There are 2 protein chains.
Amino acid sequence: MDKNLKRMATMQRMQITGLELFYKKGYYNTSVDDILKELSLSKGAFYYHFDSKEDFFIQIIENLLVRRIYSMLIEPIEGHDNALELITNCFENALETAVHNELDYGFVLNNFMNEFNGRNENIMKHLNDILKIWEVNLVSTIQKGKFNGHIDRHVDAEGVALYLMSSYIGVRTLMVENSPSARKYRFMAQLKHYFKSIEVKQSAF
Amino acid sequence: MDKNLKRMATMQRMQITGLELFYKKGYYNTSVDDILKELSLSKGAFYYHFDSKEDFFIQIIENLLVRRIYSMLIEPIEGHDNALELITNCFENALETAVHNELDYGFVLNNFMNEFNGRNENIMKHLNDILKIWEVNLVSTIQKGKFNGHIDRHVDAEGVALYLMSSYIGVRTLMVENSPSARKYRFMAQLKHYFKSIEVKQSAF
DNA sequence: AAGATCACCGACTGGCTGGTCGGTTTAAGT
DNA sequence: ACTTAAACCGACCAGCCAGTCGGTGATCTT
């Protein structure tokens, strides 16, 4: 069983370094040798554990990327509290970690979708699945908010979800280059403005 | 002078096809030969007109990309009419052309920034400049709106501009894969919601 | 202890890429 | 008609990349 442990450890190491480099330099711009050099491993080791570069990346998606998105954007908004508050806090936290990223390259999922769109249908399918899960989750959170009386019953949940996803993806891109901290602050302020326009009017006077 | 005309024509042809392929397949994934094959031209012709692949791309940015962004996102919001209406119409039109794009790969500028971020500082600078021009223009349009009495005097113009850019960049990405037309519709509806939250309250009754 | 299997090594291959360069065609100037 | 230079050709080069394969030492099984 010790063998199996070693196997898992090596594969894990490869995937972590792989994601790091793919995120930093892009998939097509990162050679398998780049990753191997970083780990002091050989071609043989790589192709012993993975069928191909593509297979390697898909495993990274399933093992690392999915979980990352889940813990960052999906799990935090599950629950029955005030939906808008949950989402606000979730975005706040997600953007905060982005601010503290030494080298930030934007929203991982978005970067990869951008790179593979029209180039690799197979990988695109996997990435799109994650996005869809996020969307479904946002929609159901907003629906819950409508039932709970925190959100105006007339709002289009799918529309709100789309608008939230859009703005998040966009601001993550814009935070990369210029004063991420200030942009985060500005963004959150506008998000709250927007939320005011869709929450139930507390008291008609 | 005929020589000069031919020169310009060839360079123009190369750049148009170049942008097309770079947009479709990405810069690093498109070889100079790919472009030349499309045009039935030779390596010699390419390196006669351009110093390098990078020089070629920068000229594409200056000659084609800048103008495209200008005519699509900048010029339409210049003027002294209702700022929010100008922006709404501008986004409406920009997204409509995206809907009708047979093969859509998202917001060109965003795609390229994504690809070059952390990889080519020189090109990034050029792309960032375009983004900055867009931002400055949006901010000044919103400022005008505040003076004209269409937008609440208390709103943060930079914040609104950032939020608008973010959501536009994001929705263009999300329109690529799934039902662009429906998403455009939903997006525009939410944009109007948002705008309602920052326009001056017409009548307090 | 012997054999088998695992985990890994690294030289190698074939295909592609950005860029070079000596040469040829085309057209303008005189 | 002749010169000259612009516009273009395409074989070639060096370097890189994904993937292959014959081998080797470590570890487990019996």
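Per chain, numbering begins at 1; letters A, B, ... match sequence-line order. The structure displayed is predicted, hence computed values, not measured ones.
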May I have the distance from [X] (atom [atom1]) to [N] (atom [atom2]), rounded to whole angstrom?
X       : N      : atom1 : atom2 : result
A:Tyr47 : D:dA18 : OH    : P     : 6 Å
B:Tyr48 : C:dT25 : OH    : C1'   : 13 Å
A:Arg7  : D:dT27 : CZ    : C1'   : 15 Å
A:Leu41 : C:dA7  : CG    : P     : 13 Å
B:Met11 : D:dA6  : CE    : C1'   : 13 Å
B:Asp51 : C:dT20 : CG    : P     : 9 Å
A:Phe50 : C:dA7  : CZ    : P     : 12 Å
B:Met8  : D:dA7  : CE    : P     : 11 Å

Worksheet item: Starting at the 5' end of DNA chain D and moving along, which residue's nearest nucleotide shows up first, A:Phe46 or B:Ser40?
Response: B:Ser40
Worksheet item: Name the one of B:Arg68, B:Gln15, B:Gln12 that satisfies side chain to side chain donor-acceptor pair (under 3.5 Å) with B:Asn63?
Response: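 Among B:Arg68, B:Gln15, B:Gln12, the one meeting side chain to side chain donor-acceptor pair (under 3.5 Å) with B:Asn63 is B:Gln15.
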Worksheet item: Around atom OH of A:Tyr28, are there more than 12 heavy atoms of other residues, nucleotides or ligands at under 6.0 Å?
Response: yes
Item to complete: Give a yes or no answer on whether the side chain of B:Thr173 reaches the backbone of B:Gly106 with a donor-acceptor pair at less than 3.5 Å.
Response: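 It does not hold such a pair.
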Worksheet item: Atom CZ in A:Phe57, atom CG in A:Leu127: separation rounded to 0.5 Å?
Response: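 Nearest 0.5 Å value for the CZ-CG distance: 6.0 Å.
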Item to complete: Would you please indicate if the ring centroids of A:Tyr70 and A:Trp134 are separated by under 6.0 Å?
Response: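 Centroid distance A:Tyr70-A:Trp134: not below 6.0 Å, so no.
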Practice prompt. Return no unless some side-chain N or O of A:His49 is found under 4.0 Å from OP1 or OP2 of C:dC6.
Written response: no
Item to complete: Could you name each residue pair satisfying side-chain hydrogen bond (donor to acceptor under 3.5 Å, both in side chains) that touches residues 33-46 of chain B, not counting sequence neighbours?
Response: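 For residues 33-46 of chain B, and leaving out neighbouring residues, the side-chain hydrogen bond (donor to acceptor under 3.5 Å, both in side chains) pairs sorted by first residue read B:Lys25-B:Asp34, B:Ser31-B:Asp34, B:Asp33-B:Lys43.
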Worksheet item: Contact class for B:Lys43 (heavy atom, under 4.0 Å): base, sugar-phosphate, or nothing?
Response: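 Base, at least one base atom sits under 4.0 Å.
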Item to complete: Would you indicate which nucleotide in C:dC9, D:dA7, D:dG19 comes nearest to any side-chain atom of A:Lys53?
Response: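 The listed nucleotide nearest to A:Lys53's side chain is D:dG19.
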Worksheet entry | A:Lys53 to A:Phe46, cation-pi by 6.0 Å centre distance and 45° axis angle |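 No, A:Lys53 does not lie over the aromatic ring of A:Phe46.
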Worksheet item: Does any residue of residues 15-39 of chain A have a heavy atom under 4.0 Å from DNA chain C, and if so, which ones, in number order?
Response: none
